[in-house]
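Below you'll find the structure, written out as structure tokens, and then a few comments.
Sequential numbering from 1 along the given sequence is applied to the chain's residues.
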Amino acid sequence: MELSGSPPRSDQERAPTSGGGPPGRGGRPGARRAALAGLTLTPLLRLAVLRHAVPARAALRAGCATCGEPVDLRRPWPALGPAARCGRCRARVGPPPVVVELAAIGAVAVLVLLGPPTAEMLAVAWWLGWVLPLCFIDVAVHRLPDRFTWPAAAGVGALLGLAAMAGVGAGPWLRAMLGGAGLALFFAATTLLLGARGFGLGDAKLALGVGALLAWHGWPVLVAGLLLALGLSALVSLGLLAARRVRWSGHVPFGPFLVLGTIAALLLTG
């Protein structure tokens, strides 16, 4: 299923350029190398979540919340490894065990499915690198720090600009910028009009990069990504209500659903 049309490719374009792997995907060895490269970044992702998963205006966390043992990249194991345990007291540190590693592998799989490295794919890779820790932070403390949302949006805009200069033209880039600004304004308007019942300003800032990535492929892709995010959020919220994990007055963080809806729309487009 494709959300945006593209002219059919000739047989010569469909033919793989090397090896026996699928065209434009790098084959299995390339996917394995990409997965291993993604896993090497997981200590950095875990550290980002550990540092920033704190209430607004609170000091960044420097180590284990139980015993105070410092955690940084000079001493990554086992606190920043899959076990996610403090090396001194064995208390859990940061996100649950293995989940960050699985998310990193999933992000690499998305990039492999989307296609070969181009300026456009680099924009997606850059965005994923920032939004993966954002999802865990939002789930933990219901906030999306500016230190992640602004670089994600700025990098997407710049890399899509490079893709436009590389031959695509200014049209898709202008549409991407309008899409990002429009989606951000939509989320910000719900905050101003509905207060706590609307989306947060963090969601609006996250929407800058989301809207740009989706609108690059066309307005229908932007609408589809937003609807997918809203639909996933509604389904999960109903499930949590049925399981009595949240109340009607409770708040379910929307950032992870916005990220998942964006990824689903991009994969459907590809």
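- Results of the side-chain contact (heavy atoms from CB on, under 4.5 Å) test with V100 over I105, L80, L45 single out L45 as the only residue that passes.
- With respect to the salt-bridge test (charged N to carboxylate O, under 4.0 angstrom), the residues D138 and R143 do not qualify.
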_Full working for side chain to side chain contact (heavy atoms under 4.5 Å, CB included) between W219 and L214_ = CA-CA 8 Å; W219 298 116; L214 294 175; over 6 Å; no
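- Cluster membership check: V168 shares its hydrophobic cluster with L213, using side-chain heavy-atom separations under 4.5 Å among Ile, Leu, Val, Met, Phe, Trp and Tyr.
- Criterion: ILVMFWY side-chain heavy atoms under 4.5 Å apart, direct or through other members. Under it, L208 and V221 are not part of a common hydrophobic cluster.
- Ring geometry for F148 versus H52: interplanar angle over 60°, hence perpendicular rather than tilted (30 to 60°).
- Enclosure of atom CZ in R75 by more than 12 non-hydrogen atoms of other residues, nucleotides or ligands within 6.0 angstrom is indicated.
- What you find for L160 and W173 is that their closest heavy atoms are C-CD1, 3.5 Å.
- W150 and V156 end up in different hydrophobic clusters when Ile, Leu, Val, Met, Phe, Trp and Tyr side chains are linked at under 4.5 Å.
- If you take NE2 on H251 and OG on S237, they are separated by 9.5 Å, rounding to the nearest 0.5 Å.
- Residues L226 and V223 fail the side-chain proximity criterion, which asks for heavy atoms closer than 4.5 Å.
- Between V139 and P256, the shortest heavy-atom distance links the atoms CG2-CG, 3.8 Å.
- Checking side-chain atoms of S233 against main-chain N and O of A229 turns up no donor-acceptor pair under 3.5 Å.
- Linking Ile, Leu, Val, Met, Phe, Trp and Tyr residues whenever their side-chain heavy atoms come within less than 4.5 Å places L230 and F187 in a single cluster.
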*Checking side chain to side chain contact (heavy atoms under 4.5 Å, CB included) for the pair L206/V131: CA distance, chi angles, key distance, verdict?*
CA-CA 8 Å; L206 177 61; V131 301; 3.8 Å; yes
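- Both V236 and V259 are assigned to one and the same hydrophobic cluster, defined by single-linkage of ILVMFWY side chains at heavy-atom distances under 4.5 Å.
- Summarising the geometry of P97 relative to A83, their closest heavy-atom pair is CG-O, 3.5 Å, with the distance given to 0.1 Å.
- Considering L222, T269, L268 in turn, T269 is the only one that fulfils the side-chain contact (heavy atoms from CB on, under 4.5 Å) rule with H217.
- In R147, the CZ atom is not crowded: 12 or fewer heavy atoms of neighbouring residues, nucleotides or ligands sit closer than 6.0 Å.
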*Just do the side chain to side chain contact (heavy atoms under 4.5 Å, CB included) check on R51 and R61 with the steps written out, would you?*
CA-CA 5 Å; R51 289 275 192 270; R61 184 177 289 115; 5.8 Å; no
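- Annotation: side chain of I263 is in contact with side chain of W127 (closest heavy-atom distance under 4.5 Å).
- The heavy-atom pair separating E69 from C86 by the smallest distance is CB-SG, 3.8 Å.
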_Stepwise side chain to side chain contact (heavy atoms under 4.5 Å, CB included) test for I137 and L144_ = CA-CA 7 Å; I137 294 169; L144 297 166; over 6 Å; no
